[in-house]
Amino acid sequence: MSGSNGSPRDLKAGGSLHGRVRVPGDKSISHRALLFGAIAEGTTTIEGLLPAEDPISTAACLRLMGTTISPIQSGEMVTIEGVGLDGLQEPSEILDCGNSGTTMRLMLGLLAGREGRHFVLTGDASLRRRPMKRVGQPLSLLGADVRGRDRGNLAPLAVQGQKLRGAVVGTPVASAQVKSAILLAALTADGATSVIEPAHSRDHSERMLRAFGADLEVGGEMGRHILVRPGATLKGQHVVVPGDISSAAFWLVAGALVPGAKITVENVGLNPTRTGILEVLEMMGASINVLNRRDVAGEPVGDLQVSHGPLKAFQFGEEIMPRLVDEVPILSVAACFCDGESRISGASELRVKETDRLAVMARQLKAMGADIDEHEDGLTIRGGRPLKGAELDSETDHRVAMSLAIAGLMAVGDSRITRSEAAAVSYPTFWDDLERLRR
Ligand code: S3P
């Protein structure tokens, strides 16, 4: 079958998209539910956990340290028997974080304070190229001992658990992964810890840690200042994971772009630290309705209805970046089909994601004939002229694979996508959902 086992996937251009789709669970929330459930006391149950490669990596690492987690299968509730704040055992094997930056970075924070225990973390070739000093350096202010290649920056990493002390930590980048690592370390430090971010990143950790019973205060301008006091016991919870807005983004853009399309994406998480994609689609003049707004287990949720219509070129920069960092690849596709020049700036973080997403999107879309300039911190895209079908490559990046699929639908002529199976990192049923919406 095309696209299976690493064979290239043929993608027919044209057609339209209709119907309802329920995207899988939010990846960020899924990782956190597993991690916090593991260090809570008692049982945690998770409904809607993302059954994809990244959360499976988190669960596999936690199991190697003595946590019992039920199998992660689509549609099944996941149960975790928590081992308590300091109950993780020293693993006799290397912790393999796979492709998952969130697993590795949050794990560093979780393990740094496990006094007297030794941990080694690694990942796939992509993860072994990604910067980890951004976590190790602030953790060292609490007394953490994290070592690795390139002066502690690159995995494989070794963590020698220490008794940590509370500290005031200013994070170098607005990164929820960095922030969450420090919050996890702070839970068992001696004394309170303050984390101050340069800009407010996604706040799922703050919301969920409080729900589990952590003593955590959020303050400052736009919630950029977080205070954690150690000593509280985390208690197992029932977590309901909403659909991932970063996965919904592919259908939102496709629904707006593809002639005649009309799609409803159900049960999407609408946490305001994640909804930058909706702000940009609105700026473009896309027709999107939010239906059934509700709150589910401490996170806002709704159904998103999108239909095709004319779109305007757009510009956005650093200010919005934390709210749409994972949506830049699909927005770069959208820009190719808007009349006029679109400009994405303040996006240098994209260079240290699963791939260098600015370079990869520029390279792949150029192969389709797009008019794109790559800048150090972003892209300029002159849209409105047709893209042509081409030989494309996800370059192993899940969000690139799915973005190129949407570009391919809109192209003149068919495409072929190599390494399309990368989508399974965050959205294992993406290709099936695409086929279903096209029928
Ligand atoms: C994530 C935070 C973001 C995002 C990643 C998931 C998280 O990374 O790109 O996909 O779950 O905390 P940064 O925090 O490094 O920006």
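Counting starts at 1 for both ligands and their atoms, following the listed order.
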Exercise. Is the closest side-chain heavy-atom distance between Lys27 and Ser246 below 4.5 Å?
Worked result: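 Counting from C-beta outward, Lys27 and Ser246 never come under 4.5 Å.
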
Among all protein heavy atoms, pick the one closest to [atom] and tell me residue, atom and distance.
{"atom": "atom 1 (C) of ligand 1", "result": "Gln177 NE2, 3.6 Å"}
{"atom": "atom 4 (C) of ligand 1", "result": "Asp326 OD2, 3.3 Å"}
{"atom": "atom 12 (O) of ligand 1", "result": "Arg32 NH2, 2.7 Å"}
{"atom": "atom 11 (O) of ligand 1", "result": "Ser28 OG, 2.7 Å"}

Problem set entry | Which atom of Met361 lies closest to which atom of Val333, heavy atoms considered |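 Looking at all heavy atoms of both residues, the closest pair is CE-CG2, 3.8 Å.
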
Exercise. Of all heavy-atom pairs between Ser201 and Ser175, which one has the smallest distance, and what is that distance?
Worked result: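 Looks like OG-C, 3.7 Å.
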
For this session: Indicate yes or no: does an N/O atom of Ser175 lie under 3.5 Å from an N/O atom of ligand 1?
Result: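 It does: an N or O of Ser175 is found under 3.5 Å from an N or O of ligand 1.
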
Exercise. Would one find an N or O of Arg202, backbone or side chain, under 3.5 Å from an N or O of ligand 1?
Worked result: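 No, no N or O pair falls under 3.5 Å.
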
Problem set entry | Distance-only polar pair, side chains of Gln177 and Thr102, donor-acceptor under 3.5 Å |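 Indeed, the side chains of Gln177 and Thr102 share at least one donor-acceptor pair under 3.5 Å.
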
Problem set entry | Exercise: do His238 and Glu47 side chains pair donor with acceptor under 3.5 Å |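 Result is yes, a qualifying pair exists.
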
For this session: Apply side-chain hydrogen bond (donor to acceptor under 3.5 Å, both in side chains) to the pair Ser426 and His398, showing each step before the final yes or no.
Result: CA-CA 7 Å; Ser426 61; His398 54 127; 2.7 Å; yes

For this session: Measure the acute angle between the ring planes of Phe316 and Phe314, then classify it against the limits of 30° and 60° as parallel, tilted or perpendicular.
Result: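 If you compare the ring of Phe316 with that of Phe314, the planes turn out parallel.
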
Exercise. In terms of the angle between their ring planes, are Phe430 and Trp251 parallel, tilted or perpendicular, with boundaries placed at 30° and 60°?
Worked result: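 Rings of Phe430 and Trp251: parallel, as their planes differ by under 30°.
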
Out of all atoms in ligand 1, which are within 4.0 Å of some heavy atom of [X]? Include the element for each.
{"X": "Ala176", "answer": "12 (O), 14 (O)"}
{"X": "Lys27", "answer": "10 (O)"}
{"X": "Val325", "answer": "9 (O)"}

Is ligand 1 less than 4.0 angstrom away from at least one heavy atom of [X]?
{"X": "His204", "answer": "no"}
{"X": "Lys353", "answer": "yes"}
{"X": "His31", "answer": "no"}

